[in-house]
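Here is the structure we will look at.
In the text below, chain A, chain B and the rest are named by the order of the sequence lines, each starting its count at 1. Values below: all heavy atoms of this structure, side chains included; hydrogens, waters and symmetry mates excluded.
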Amino acid sequence: MPDLRLLNAEPSDAERIAIDAVLGAGNGANNRTARDDRTKRHLLLPALRAAQQRVGWVSEGALGYASRRLAVPPAEAYGVASFYALIALEEQPADVTHVCTDLSCMLKGATVPEGAHPSPCLGLCERAPASYRTIAGEQPVEEQIPAVGPPLPQAGQSGLRLLRRIAAGVDPESIDAYIQTGGFESLRHARELGPEAVLREVTESRLLGRGGAAFPTGVKWEAVAKQQALPHYIVCNADESEPGTFKDRVLMEQDPFALIESMAIAALATGSSHGFIYVRAEYPLAHRRLQNAIDLARSRGFLEGFDIELRIGAGAYVCGEETALFQSIEGFRGEPRNKPPFPVEVGLFGKPTAVNNVETLFNVLEVVTDGGEAFSGIGTKDSTGTRLFCLSGAVARPGLYELPFGATLRELLDLAGAERPKAVLLGGAAGAFVGPDLLDIRLTYEDTREAGVTLGSGVVIVYDESADLVGALLRIAEFFRDESCGQCVPCRVGTVRQEEALKRLAAGRAHEDELQTLAELAQVMQDASICGLGQTAANAVASAIVNLKVFAA
Amino acid sequence: MSVLLAAPKKMIELTVDGEVVRVFEGSTILDACRMLGNEQPTLCYGDTLTPVNVCRVCVVEVEGARTLVPSCSRKVEAGMVVLTDSERVRTSRRLVMELLGSSVDLSTAPDALAYIEQYDAKPDRFGPDAATVVQDVKVDNDLYVRDYSKCILCYKCVSACGEDHQNTFAIAVAGRGFDAHISTELDVTLPESACVYCGNCIAVCPTGALMSVPEYEKRQAGTWDAENETVVSTVCPYCGVGCNLELHVQDNEIVNVTSPHDHDVTEGNLCIKGRFGYQYVQNRR
Ligand SMILES: Cc1cc2nc3c(=O)[nH]c(=O)nc-3n(C[C@H](O)[C@H](O)[C@H](O)COP(=O)(O)O)c2cc1C
Ligand code: SF4
Ligand code: SF4
Ligand code: SF4
Ligand code: FES
Ligand code: FES
């Protein structure tokens, strides 16, 4: 460990106390680095977040104290702090409102009042326009502020699987209510079956990941289970920041015990003794309910031999990319790693790791209860089970819908009440626009792949005749420019050039060959970027140009 | 008779542009290309540094892969079929150079300028209003300047200052996206930072963003004369380590001191005395 030169400023008492609450009390004044703290770099982001919550920003004193306590070079701690949108490095008022200006809220006329900060999608799209408020202090407040809206549209409907308990209104804070409605039965059954049999069921179910990449969960888990290196980790990706997505939030807020149960099953199957749930910062209700669920499940003995830790992000879409998520948990900048090696071999803390989306894990409960074969009988041959769709925009009944794979887009839009859409954005900012000609597409992995579009994270944003599609494209371009981690050239500069070109097109000042430039930018971003962010950053724009002829002369 | 000291490393066979090549397991595609004398463009790759694979100018096409892959860091696999000069590869490399050339001042980056030529890149295609990283030069000490208008964010200086060599961690990447940049903590000046002026960051910087004060001043004055520079090899006189030095001399004056990368003691690194402590040679009192 190098002999660190440290920032001189001292933290205030409030900052010191807040950081100590995360790191444990510091020791004597002269021994500036506690030996034990040296391997605790993974507590850097929690420490910065604590200071942010306490005083509303991370001062020089707080940054210096956190780096000192954790023996992180101050330049690196600064690099980490400056990576996240919700860590302020300049003094600001204690009370800050972040107003969503993203796709669904735009459609509902979002405006940013003076003094408020514009924000990317807050995951409240079904009740747009939305904002999120943080008030720093001894008792910090974090509050989601959706527009008032109707209850979940599918409440009371039969045939729901993943949303069953939610539709029935089961108390999400009571472990007894959970148990009475069948909770922890799957875990009990899984323990009877043993790891190999659980792996077999999950593989047989042909469950594909719901986080966006549609990777077979069974294959992933088997790969982790057979790794020699120990320990193994199971990580739940609950960063949910794809514009238009709110499904994982609803699951975590309304049925948190189910996530804990499914992670315990995943741990059993993959031989993991430790799990992490990484939730985006903007979901405070989910944080509280998950922590409550973890505590209660632990105290009732459901987590024997396995423990789960909650980790909270700080405003960075890219941290949903699985390897960026590891970097973030480990206390580094959320910069995606080059793959290979893949997480199943070299994941969190360099160890074999199974990372799964919240919705994917919820499906595991069904797989274990019903058996893999029965599960694979739902949906279509290549898309098994049910799927959650996040409906927002120009629909009468926005919200979360659960349908077996195979339903068509038209059926889904009819359920939600969409009149004559001009266009539909499938899969979020990283997804693609489709026109009215594609409404009969079956919403399966295979059908969407064939049509050159994607289900992504289940986003369905509806644009009616009056909608401003060019405005939506500009917002998407701005989103990727803002959220690029900045590591690789195609994405760091490509997203800027894409936005510039779109702005010129929108203003009617296009350069010669502008569409050719956009097409070439799309190609280099897709082909040469490190991670999925850059690789998909041009998809929606390209699809609007091709499918909707947005800039046709 | 030879004695085997360690198990021999496995050989891997692959095809690069139609030519079969055998390399040791664990080699990169770049290593394999070099075996064939097929040099690839690189900017963030350094022979003495851990690959960070961020510039993406070295990408190649691997049969069966969804995207292009960075040749500087991707390990070879048996039976790989690699294309280094396909249309797809050339397009990506050209675009990478156009993106860099349109956002960064590459005037003192010889390799980058050569790649712009080689791939027929047209950085000005994005027009005069394209955003750039232009900013003021940081001159805050007597030994070297930092001109981040010339920074391509290759991470080499960060690797050299940190884990790969110096272990000082004076600089890191801060910010995000197009605002990402190399910085000390809170952007304090170098004298206020942990920097020990080893200059090992200067030695790896591929663009001249980091430059010794003599070089910077001569370039400003228009008296920089790389054509007539001579290089004298010697050994550092200060301590017993015995670092090889290369004194770069222009017009009878030392303008830079480097150390060969293949020197097994230094791997190109020096300390402040070896790098900058040459004034006494020039004091002819
Ligand atoms: C920029 C980016 C953001 C992502 N965000 C998320 C996310 O918020 N939640 C998620 O589950 N997966 C996200 N993913 C996908 C993950 O990398 C990973 O594929 C997924 O968590 C695997 O889980 P699954 O197999 O259960 O889908 C993201 C990917 C990229 C490239
Ligand atoms: S593609 Fe974008 S987000 Fe991903 S590593 Fe590259 S710069 Fe970062
Ligand atoms: S001179 Fe040495 S210590 Fe200073 S920034 Fe460069 S590599 Fe780091
Ligand atoms: S200063 Fe030089 S070495 Fe450092 S990142 Fe920029 S270009 Fe690379
Ligand atoms: S909450 Fe505003 S777009 Fe999702
Ligand atoms: S040299 Fe390979 S990515 Fe930069």
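Contacts of B:Ile152 with chain A are made by backbone atoms alone, with heavy-atom separations under 4.5 Å and no side-chain atom involved. Contact annotation for B:Leu99: both backbone and side-chain heavy atoms come within less than 4.5 Å of a heavy atom of chain A.
Put simply, of A:Asp482, A:Thr495, A:Asp513, the one with the most heavy-atom pairs under 4.5 Å next to chain B is A:Asp482. Ranked by heavy-atom pairs shorter than 4.5 Å toward chain B, the options A:Gln487, A:Glu76, A:Arg333, A:Glu500 are led by A:Arg333. Most heavy-atom pairs under 4.5 Å with chain B, from the set A:Gln535, A:Glu520, A:Met525, A:Glu483: that is A:Glu520. If you tally non-hydrogen atom pairs under 4.5 Å between each of B:Gln166, B:Arg94, B:Glu61, B:Lys75 and chain A, the highest count goes to B:Arg94. Of the listed residues A:Ser529, A:Ala528, A:Ala81, the one with more heavy-atom pairs under 4.5 angstrom with chain B than any other is A:Ala528. Ranking B:Cys44, B:Pro70, B:Gly175 against chain A, the residue ahead of the rest is B:Gly175, based on heavy-atom pairs under 4.5 Å. If you tally non-hydrogen atom pairs under 4.5 Å between each of B:Thr184, B:Val89, B:Val59 and chain A, the highest count goes to B:Thr184.
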For this session: In sequence, state the C-alpha distance, the side-chain angles, and the governing distance for A:Val524 and B:Val96, and then conclude on side chain to side chain contact (heavy atoms under 4.5 Å, CB included).
Result: CA-CA 8 Å; A:Val524 68; B:Val96 164; 4.2 Å; yes

Exercise. Do B:Arg56 and A:Asp527 pass the side chain to side chain contact (heavy atoms under 4.5 Å, CB included) test, and can you show the C-alpha distance, the side-chain angles, and the key distance before you say yes or no?
Worked result: CA-CA 10 Å; B:Arg56 316 307 276 188; A:Asp527 257 355; over 6 Å; no

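Remark: B:Glu98 does not engage A:Arg497 in a salt bridge, criterion side-chain N to carboxylate O under 4.0 Å.
Side-chain contact between B:Leu95 and A:Gln523 is absent, with no heavy-atom pair separated by less than 4.5 Å.
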